[in-house]
Amino acid sequence: MDVDQVLTHLADGARQTMRADAVAVRLLDEQGERVSRAAASGFSVATEMGESAPLARYPIDEQALAGSPIVVDDAHAESWGDSGKGGVPAPYRSALCVPMTHGGDAIGTITAYAATAGRFRAEDASLLEPLADVGATAIVATRALQELEELEARQSLFIRVATHELRSPVAVAQSMVRGVLKGYAGEMTAQQHDLFGRISRRLDLLENLVNDLLDLAAGKAGRRERDTAVLLNAAVGRVVLLLLPRAEEKGVTLAYQACCEELIVRGTEDGIDRILVNVVDNAVKYTPSGGDVAVALQRDGEQIEIVVSDTGIGIPEKALPHLFEEFYRAPNAKAMDTVGTGLGLAIVRDLVQRYCGRITVKSAEGEGTTVTVTFPRVDLAECFF
Ligand code: ATP
Ligand code: MG
């Protein structure tokens with residue numbers, strides 16, 4: 001619902017409550033100098049909406065905004081001015097105007113009009129004031145929400161542009177350098193080979209950083225797909241197959257202990273994949289040649305566990321509390337010849353929390369690491385979301 005819809009509901013609601021012939025809702029600008037008619041209900045004459053006028057042109061509103069309700073008994077007999085000068089517009093004769101305030105700030109007025117004189121009494125304000133309070137809160141909340149949505153839209157546009165502008169040139173440069181390294185541009189001296197090899201590793205790092213930063217920014221910007229039922233058996237199998245060639249290339253065994261029961265969690269396929277890729281990739285990356293990585297999917301009551309254990313370099317005790325911090329890498333990982341930005345687990349933590357899961361890390365330096373990701377199990381019968 002946008003602010004205009006909130007205001008229209010407010011005007012209609014106020015007219016019914018007050019049994020008035022017409023109701024106008026006017027809003028004050030940020031400087032508190034001009035008012036504009038924001039919603040109207042029941043007017044028999046055309047009313048201009050949205051155009052703002054100096055507050056002084058609305059003497060009744062001006063007085064009400066000073067803090068208390070104003071009753072106009074008979075516009076013909078009182079000196080509020082006539083229609084067009086901001087008093088009670090023809091054909092109406094009596095009016096009740098209450099201020100709308102939020103947190104001590106005046107944000108506008110609600111005015112009820114009647115065609116007959118003497119229609120409203122001071123006590124009637126107690127009927128209109130609660131509506132004015134609720135209306136003011138709704139207006140402020142809706143405006144804040146709209147601002148937030150605009151900000152999110154701008155952020156996600158930035159992410160889309162940055163994705164394209166940053167990802168593609170890095171990928172193109174990387175494929176060219178790989179081509180040169182394979183000899184497509186002719187023979188190279190050992191020195192040139194070494195130099196291009198280093199460029200290629202730097203580009204890997206840059207590609208990794210760009211991807212991680214964009215993932216993180218996307219998560220923070222609240223770009224959220226709708227959660228669905230994700231079949232974890234398929235997701236884990238997919239990720240193990242994806243990383244198997246990398247493990248083989250390194251001389252690390254990657255074993256998968258599947259689960260025959262179908263295990264379903266609530267999330268997005270993309271998000272679950274990203275969690276699994278990051279955790280299994282770490283296990284392969286930080287396990288030297290000859291080591292083992294084991295991935296197990298299992299059910300523990302109403303919980304589903306994905307356990308990824310490795311016989312790799314392990315994590316120093318001092319580093320454990322920092323693993324989920326953005327850009328943190330333990331000293332033994334940095335000392336290894338591996339590419340990393342220290343953003344993977346920060347992304348994983350955000351996603352796991354989003355899907356109401358938990359992640360724990362147990363490790364001993366030089367012996368290996370076990371990462372357990374736990375999600376609440378979703379019953380297939382409950383999958384109506
Ligand atoms: P990237 O952002 O490319 O994933 P990264 O792997 O260094 O870089 P994270 O995945 O966030 O970053 O992991 C943070 C740190 O946690 C790693 O740098 C490493 O020190 C440690 N770590 C994570 N998993 C393991 C593991 N299986 N074995 C040993 N150390 C690990
Ligand atoms: Mg990582």
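Numbers here are sequence positions counted from 1. When a ligand or atom number is given, it counts from 1 through the structure's own listing order. What you see is a predicted model; the values in this text were computed from it and never measured.
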- Query: Quick one: do D61 and R26 make a salt bridge, cutoff under 4.0 Å?
  - Reply: yes

- Looking only at protein heavy atoms, identify the closest one to atom 21 (C) of ligand 1 and say how far it is in Å. L323 CD2, 3.9 Å

- Message: Any N/O/S atom, side chain or main chain, of N278 closer to the Mg ion (ligand 2) than 2.8 Å?
- Response: no

- Message: Would the distance check show the side chain of T287 and the main-chain N or O of V284 forming a donor-acceptor pair, the cut-off being under 3.5 Å?
- Response: no

- Does K285 come within less than 4.0 angstrom of ligand 1, counting non-hydrogen atoms of the residue? yes

- Could you pull out all residues at least two apart from E261 that satisfy salt bridge (Lys or Arg N to Asp or Glu O under 4.0 Å)? R299

- For atom 15 (C) of ligand 1, the protein heavy atom that lies nearest, with its residue and separation: Y328 O, 3.8 Å

- I315 N/O to ligand 1 N/O under 3.5 Å: no

- Using distance alone, determine whether I313 and ligand 1 share an N or O pair under 3.5 Å. no

- Task: Please work out which of the three classes, parallel, tilted or perpendicular, describes the rings of Y328 and H322, given edges at 30° and 60°.
- Result: tilted

- Query: Mind checking whether L345 has an N or O less than 3.5 Å away from an N or O of ligand 1?
  - Reply: yes

- Nitrogen or oxygen of G344 less than 3.5 angstrom from that of ligand 1: yes

- How are the rings of Y355 and F375 set relative to one another: parallel (under 30°), tilted (30 to 60°) or perpendicular (over 60°)? tilted

- Quick check: does R329 get an N/O under 3.5 Å from an N/O on ligand 1? yes

- Message: If the contact criterion is a heavy-atom separation under 4.0 Å, does G314 count as touching ligand 1?
- Response: yes

